[in-house]
Asker: 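The structure's right below; bear with me while I get my questions together.
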Amino acid sequence: MRSVHRCGVVAALVALSATAAHAQDSTTIPLTDAEKLYGLSLIWKEADYNFPLFANVPELDWDSAYRAFVPQVLEAETTVEYYQVLIRFAALLQDGHTQVLMPSWVFQQHVFDQPKILVTPAEGRPIVWNVEEPLASRIPVGSEILAVDGTPAEEYLEREVYPLMGGHSDLFKRSFAMTGWYPNGIGFLWGPSGSQVALTVRTPDGDERTVTATRDFFSRRSRWVRDFPQNDALEFRWLDDDIACVALNTFGDRALEERFDSIAPELHRASGVIIDVRRNSGGSSGIPRRITARHLTNDTLTGARWRTRISNAAHRAWGRWETEYEPFYNGNAWHEAEPVLVIPDTSLPKLNVPIVVLIGRNTGSAAEDFLVWLGGMENVTVVGEPTAGSTGQPLFIDLPGGGSVRILSKHDTYPDGREFLGVGVQPDVFVARTVEDVIDERDAMLERALEVLRDRLR
């Protein structure tokens, strides 16, 4: 036995609620005991060979955990229950790019649902930031959720939600736990579709009440109290004092590079530039690398250093007796890669003005790789909250019953070895979100970014 040592969610929910009526019915084929064991064993085996962050969970004995979950998967009566067990198993690895994903039919049939209420952490508390109009008189925007089905909110999160989630920065974990993850049905207010949940709330006026709400997000056609922000891949606008603001909301769209090229001539007229990646949960790191090389720097920039585990069967066999090969025997042999560099395109003019990059709890994966490169630029100041703390290359594997698992296959750090997985990239200027910000729809981070830029322009 061996003890061993990464706002798109809201947009997806809104889109799904508009198409719920068209979801196709499908029936599940019960899994045999052999299939249940095979799926669990696949996760155990692939993580055992490939997962690079066992050192981050030193209390976890992966082999013992596997044996403990064998009876749990066998006892699961439905495919959904089986996948819920697998989700808990993979979550033991505490990594944001390592998760079990429910089969697509769970998504199509809306097996899980939540009331038409959206919650965000502010000042450490779960605060309602949007709600359907029929509920708004009883649970107005700015209300704090005190308890779920009689269980205090924090206790409910610790007991029912966090054990299903991988590792991220604390702020992202709280935010994602409150917003929810569909189709896995993980979240503060999620549960079986059509079921009811009793929410004890404190309104902005200080009144405490318990409201029973139905988990019918996808079948409801009621209006939201607030409109949702635009979520185009790239958004460009001018602010006061000739300051340009560019929101890059994804790095999963190759057209983003061409669109950035098209606005670059206008950006060169700006006194300062704000690049907003608060809603950017990632994509391909090649996109921000090329944007940076073409438009942001004339210097070579060093990106994240990474390493991945390697296996050699003969070396592993020899490692039982030979010290030279012992890392292979212990599963602790590594390929250490050189950091990915940004090599500037010196044929193009660069933005030689103060730049503020806005980051937040939902900034993740390739967007965090982007921040590591920008960390080497003297004209860049980072403002906002710590990021999601999750990047890396996941290995995708199909599981019995139509679902899948993704398992992190490489470990990224800053070039000097500092960690940002699980803790997030830290801002130069931290801005906390207050309850008043939520109620007033105030963008305190953008306001602070403008202050930073104006100070640098003086």
Side-chain angles (χ1 to χ4, degrees), residues 6 8-9 12-13 36 39-40 42-44 47 51 53 56-57 59-60 62 65-66 68-73 75-104 106-107 110-115 118-121 126 145 148-149 151-193 195 197 215 217 281 361-362 364 388-390 394 397 399 401-408 421-422:
R6 170 77 142 106
V9 172
L13 289 173
K36 293 176 183 177
L40 177 70
L42 268 179
I43 298 171
W44 168 79
F51 185 67
L53 297 179
N56 288 5
V57 281
E59 75 289 349
L60 174 63
W62 188 233
Y66 167 69
F69 271 77
V70 167
Q72 295 183 47
V73 296
E75 291 167 5
E77 296 182 359
T78 69
T79 304
V80 169
E81 289 176 359
Y82 169 68
Y83 269 86
Q84 288 175 319
V85 175
L86 295 186
I87 287 169
R88 286 182 177 271
F89 181 57
L92 295 175
L93 296 172
Q94 282 299 292
D95 170 62
H97 271 55
T98 302
Q99 297 101 2
V100 167
L101 308 173
M102 284 275 189
S104 61
V106 176
F107 177 86
H110 307 292
V111 172
F112 301 106
D113 211 333
Q114 71 168 42
L118 295 175
V119 181
T120 188
I145 307 269
V148 179
D149 286 332
T151 302
E154 196 61 37
E155 180 182 338
Y156 188 88
L157 287 166
E158 292 284 351
R159 188 183 70 195
E160 302 293 338
V161 185
Y162 292 153
L164 302 175
M165 297 181 63
H168 299 87
S169 64
D170 290 342
L171 190 55
F172 177 88
K173 194 167 186 176
R174 290 185 65 80
S175 182
F176 210 35
M178 293 176 191
T179 302
W181 182 17
Y182 192 79
N184 277 12
I186 298 172
F188 199 41
L189 305 182
W190 288 83
S193 181
S195 63
V197 59
R215 294 184 171 105
F217 186 105
S281 60
R361 60 194 72 176
N362 294 316
S390 177
I397 301 158
L399 296 173
S404 62
V405 62
R406 65 177 196 165
I407 297 171
L408 185 70
L421 299 189

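If you're wondering where the values come from, they're calculated on a predicted model, not measured in any experiment.
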Asker: Looking only at the aromatic ring of each residue, does the gap between the centers of F89 and W62 stay below 6.0 angstrom?
Answerer: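 W62 vs F89: aromatic centres under 6.0 Å.
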
Asker: So which atom in G185 and which in W190 form the shortest heavy-atom distance, rounded to 0.1 Å?
Answerer: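 Heavy atoms of G185 and W190 come nearest at O-CB, 3.5 Å.
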
Asker: Working to the nearest 0.5 Å, report the span between OH of Y156 and CD1 of I145.
Answerer: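 Y156 atom OH to I145 atom CD1 measures 11.5 Å (nearest 0.5 Å).
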
Asker: Okay, side chain of E155, backbone of T151: is any donor-acceptor separation there less than 3.5 Å?
Answerer: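 No: the side chain of E155 does not pair with the backbone of T151.
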
Asker: Begin from the C-alpha positions of I186 and V161 and carry the test side-chain contact (heavy atoms from CB on, under 4.5 Å) through to its verdict.
Answerer: CA-CA 6 Å; I186 298 172; V161 185; 4.1 Å; yes

Asker: Which heavy-atom pair separates Y82 from K36 by the least distance, and what is that distance?
Answerer: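 Of all heavy-atom pairs spanning Y82 and K36, the closest is OH-O, 2.8 Å.
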
Asker: Go through the structure and list residues passing side-chain contact (heavy atoms from CB on, under 4.5 Å) with I397, not counting sequence neighbours.
Answerer: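 Applying side-chain contact (heavy atoms from CB on, under 4.5 Å) to I397 gives L42, E46, L395, V405, I407.
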
Asker: If you compare all heavy atoms of L93 against all heavy atoms of L60, which two are closest, and at what distance to 0.1 Å?
Answerer: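 Distance-wise, the nearest heavy atoms are CD2-CD2, 3.8 Å.
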
Asker: Do D95 side-chain atoms and G166 backbone N/O form a donor-acceptor pair below 3.5 Å?
Answerer: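 No.
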
Asker: Distance from R215 atom CZ to F112 atom CZ, nearest 0.5 Å?
Answerer: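 If we round to the nearest 0.5 Å, R215:CZ and F112:CZ are 10.5 Å apart.
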
Asker: Do T179 and T120 come close enough that some side-chain heavy atom pair is under 4.5 Å?
Answerer: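 No. Closest side-chain heavy atoms not under 4.5 Å.
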
Asker: Can you name the salt bridge (Lys or Arg N to Asp or Glu O under 4.0 Å) partners of E75, sequence neighbours left out?
Answerer: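 Listed in chain order: nothing, the list is empty.
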
Asker: Nearest 0.5 angstrom please: Q94 CD to H168 NE2, how far?
Answerer: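 Going from the CD atom of Q94 to the NE2 atom of H168 covers 9.5 Å.
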
Asker: Between F188 and Q114, is the side-chain contact (heavy atoms from CB on, under 4.5 Å) condition met? List the steps.
Answerer: CA-CA 9 Å; F188 199 41; Q114 71 168 42; over 6 Å; no

Asker: Drop me the distance from T98's OG1 to L92's CG, to the nearest 0.5 angstrom.
Answerer: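 One finds 11.5 Å between OG1 of T98 and CG of L92.
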
Asker: H110 versus F217: any side-chain heavy-atom pair under 4.5 Å?
Answerer: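 A side-chain contact is absent here, since even the closest heavy-atom pair is not under 4.5 Å.
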
Asker: Which residues satisfy the salt bridge (Lys or Arg N to Asp or Glu O under 4.0 Å) test with E154, sequence neighbours excluded?
Answerer: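 Per chain and number, E154 pairs via salt bridge (Lys or Arg N to Asp or Glu O under 4.0 Å) with R174.
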
Asker: In Å, rounded to the nearest 0.5 Å, how long is the span from CZ of F107 to CG of L101?
Answerer: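 Answer for the CZ-CG pair, F107 versus L101, is 12.0 Å.
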
Asker: Rounded at 0.5 Å granularity, tell me how far CD in Q99 sits from CG in L408.
Answerer: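 The CG atom of L408 is 10.0 Å from CD of Q99, to the nearest 0.5 Å.
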
Asker: Given side-chain contact (heavy atoms from CB on, under 4.5 Å), test M178 with L157 step by step and report yes or no.
Answerer: CA-CA 8 Å; M178 293 176 191; L157 287 166; 4.0 Å; yes

Asker: What are the two closest heavy atoms between L421 and L53, and how far apart are they?
Answerer: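 Taking every non-hydrogen atom into account, CD1-CD1, 3.9 Å.
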
Asker: Ignoring hydrogens, what is the shortest heavy-atom contact between P394 and R406? Give both atom names and the distance.
Answerer: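 Shortest heavy-atom contact: CB-CB, 3.9 Å.
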
Asker: Check step by step if side-chain contact (heavy atoms from CB on, under 4.5 Å) holds for L399 and I43.
Answerer: CA-CA 9 Å; L399 296 173; I43 298 171; 4.1 Å; yes

Asker: Which pair of heavy atoms, one from Y162 and one from A177, lies closest together, and at what distance?
Answerer: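 Between these two residues, the closest heavy atoms are CE2-CB, 3.7 Å.
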
